[in-house]
Amino acid sequence: MIRFPVIACMLVFSVGLQGVALAGQPGPDWMPVEQVKQKLMLSGYTSIIKIEAEDGHWDGEGMKNGKAMQFDLDPKTGEILGEVER
(Lines give C-alpha, C1' and ligand atoms only; values in the text may rest on other atoms or scores of the structure.)
Protein backbone atom coordinates (compact mmCIF):
# COMPACT_ATOMS: atom_id res chain seq x y z
CA MET A 1 0.00 0.00 0.00
CA ILE A 2 2.96 2.34 0.45
CA ARG A 3 3.95 2.09 -3.21
CA PHE A 4 1.08 4.19 -4.57
CA PRO A 5 1.91 7.36 -2.57
CA VAL A 6 5.60 7.01 -3.44
CA ILE A 7 4.86 6.61 -7.16
CA ALA A 8 2.37 9.49 -7.06
CA CYS A 9 4.95 11.78 -5.39
CA MET A 10 7.60 10.82 -7.94
CA LEU A 11 5.22 11.57 -10.81
CA VAL A 12 4.26 14.98 -9.41
CA PHE A 13 7.92 15.83 -8.79
CA SER A 14 9.01 14.86 -12.32
CA VAL A 15 6.20 16.87 -13.93
CA GLY A 16 7.20 19.86 -11.80
CA LEU A 17 10.81 19.61 -12.95
CA GLN A 18 9.76 19.65 -16.59
CA GLY A 19 8.10 23.04 -16.03
CA VAL A 20 11.28 24.39 -14.48
CA ALA A 21 13.41 23.17 -17.37
CA LEU A 22 11.14 24.86 -19.92
CA ALA A 23 10.95 28.19 -18.04
CA GLY A 24 14.13 29.46 -19.73
CA GLN A 25 13.18 28.44 -23.28
CA PRO A 26 11.53 30.75 -25.82
CA GLY A 27 8.06 29.72 -26.91
CA PRO A 28 7.31 28.66 -30.48
CA ASP A 29 5.45 31.92 -31.18
CA TRP A 30 8.12 34.23 -29.73
CA MET A 31 9.96 36.79 -31.83
CA PRO A 32 13.43 35.42 -32.70
CA VAL A 33 16.24 36.81 -30.55
CA GLU A 34 18.00 38.42 -33.54
CA GLN A 35 14.86 40.41 -34.39
CA VAL A 36 14.53 41.40 -30.73
CA LYS A 37 18.12 42.70 -30.76
CA GLN A 38 17.42 44.73 -33.92
CA LYS A 39 14.34 46.25 -32.31
CA LEU A 40 16.36 47.19 -29.21
CA MET A 41 18.99 48.89 -31.37
CA LEU A 42 16.24 50.92 -33.08
CA SER A 43 14.99 52.04 -29.66
CA GLY A 44 18.35 53.48 -28.64
CA TYR A 45 20.44 50.59 -27.36
CA THR A 46 24.02 50.71 -28.61
CA SER A 47 24.95 47.23 -27.38
CA ILE A 48 23.19 44.18 -25.99
CA ILE A 49 25.16 42.47 -23.24
CA LYS A 50 22.73 39.66 -22.44
CA ILE A 51 19.31 38.49 -23.58
CA GLU A 52 17.50 35.33 -22.47
CA ALA A 53 14.05 33.85 -22.09
CA GLU A 54 12.86 34.14 -18.50
CA ASP A 55 9.45 33.73 -16.87
CA GLY A 56 7.47 34.21 -20.07
CA HIS A 57 9.34 37.21 -21.49
CA TRP A 58 12.70 38.28 -22.89
CA ASP A 59 15.01 39.55 -20.14
CA GLY A 60 18.35 41.22 -20.68
CA GLU A 61 20.96 43.89 -20.21
CA GLY A 62 22.42 46.47 -22.56
CA MET A 63 23.78 49.98 -23.00
CA LYS A 64 21.45 52.89 -23.78
CA ASN A 65 22.41 56.57 -23.72
CA GLY A 66 25.75 55.62 -22.17
CA LYS A 67 24.08 53.84 -19.23
CA ALA A 68 23.91 50.16 -18.33
CA MET A 69 20.25 49.11 -18.42
CA GLN A 70 18.19 46.03 -17.57
CA PHE A 71 15.08 45.40 -19.63
CA ASP A 72 12.07 43.12 -20.01
CA LEU A 73 10.50 42.63 -23.44
CA ASP A 74 7.24 41.27 -24.75
CA PRO A 75 8.07 37.83 -26.17
CA LYS A 76 5.89 38.14 -29.27
CA THR A 77 6.38 41.78 -30.27
CA GLY A 78 9.75 42.69 -28.76
CA GLU A 79 8.22 45.84 -27.22
CA ILE A 80 9.95 47.07 -24.06
CA LEU A 81 7.79 46.22 -21.04
CA GLY A 82 10.15 47.85 -18.58
CA GLU A 83 13.70 49.05 -18.24
CA VAL A 84 15.79 50.27 -15.30
CA GLU A 85 19.30 51.59 -14.93
CA ARG A 86 21.67 49.07 -13.38
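Since the model is a prediction, treat every value here as computed from it, not as a measurement.
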Identify the heavy atoms of P75 and G56 that sit nearest to each other, and give their distance.
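Closest heavy-atom pair between P75 and G56: CG-O, 3.4 Å.
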
Looking only at heavy atoms, which two atoms of A53 and P26 are closest? And how far apart?
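Residues A53 and P26, closest heavy atoms: CB-N, 3.6 Å.
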
Rounded at 0.5 Å granularity, tell me how far CE in M69 sits from CG in L40.
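Answer for the CE-CG pair, M69 versus L40, is 11.0 Å.
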
To the nearest 0.5 Å, how far apart are CD in E54 and CG in L73?
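Nearest 0.5 Å value for the CD-CG distance: 12.0 Å.
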
Heavy-atom distance under 4.5 Å between the side chains of [X] and [Y], does that happen here?
X: E61; Y: R86; value: yes
X: I51; Y: K37; value: yes
X: D59; Y: F71; value: no

Tell me which pairs pass side chain to side chain donor-acceptor pair (under 3.5 Å) where either residue lies in residues 71-81, with sequence neighbours left out.
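Only D29-K76, K39-E79, H57-D72, D74-T77 qualify under side chain to side chain donor-acceptor pair (under 3.5 Å).
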
Pairs in or reaching into residues 40-52: which pass side chain to side chain donor-acceptor pair (under 3.5 Å), with residues at least two apart or in two chains?
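Counting only pairs at least two positions apart or across chains, the side chain to side chain donor-acceptor pair (under 3.5 Å) contacts touching residues 40-52 are Y45-E83.
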
Under a single-linkage definition using a 4.5 Å side-chain heavy-atom cutoff for Ile, Leu, Val, Met, Phe, Trp and Tyr, are V36 and L81 assigned to the same hydrophobic cluster?
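V36 and L81: separate clusters.
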
Other ILVMFWY residues reachable from M63 by side-chain steps of under 4.5 Å:
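ILVMFWY cluster around M63 also holds I49.
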
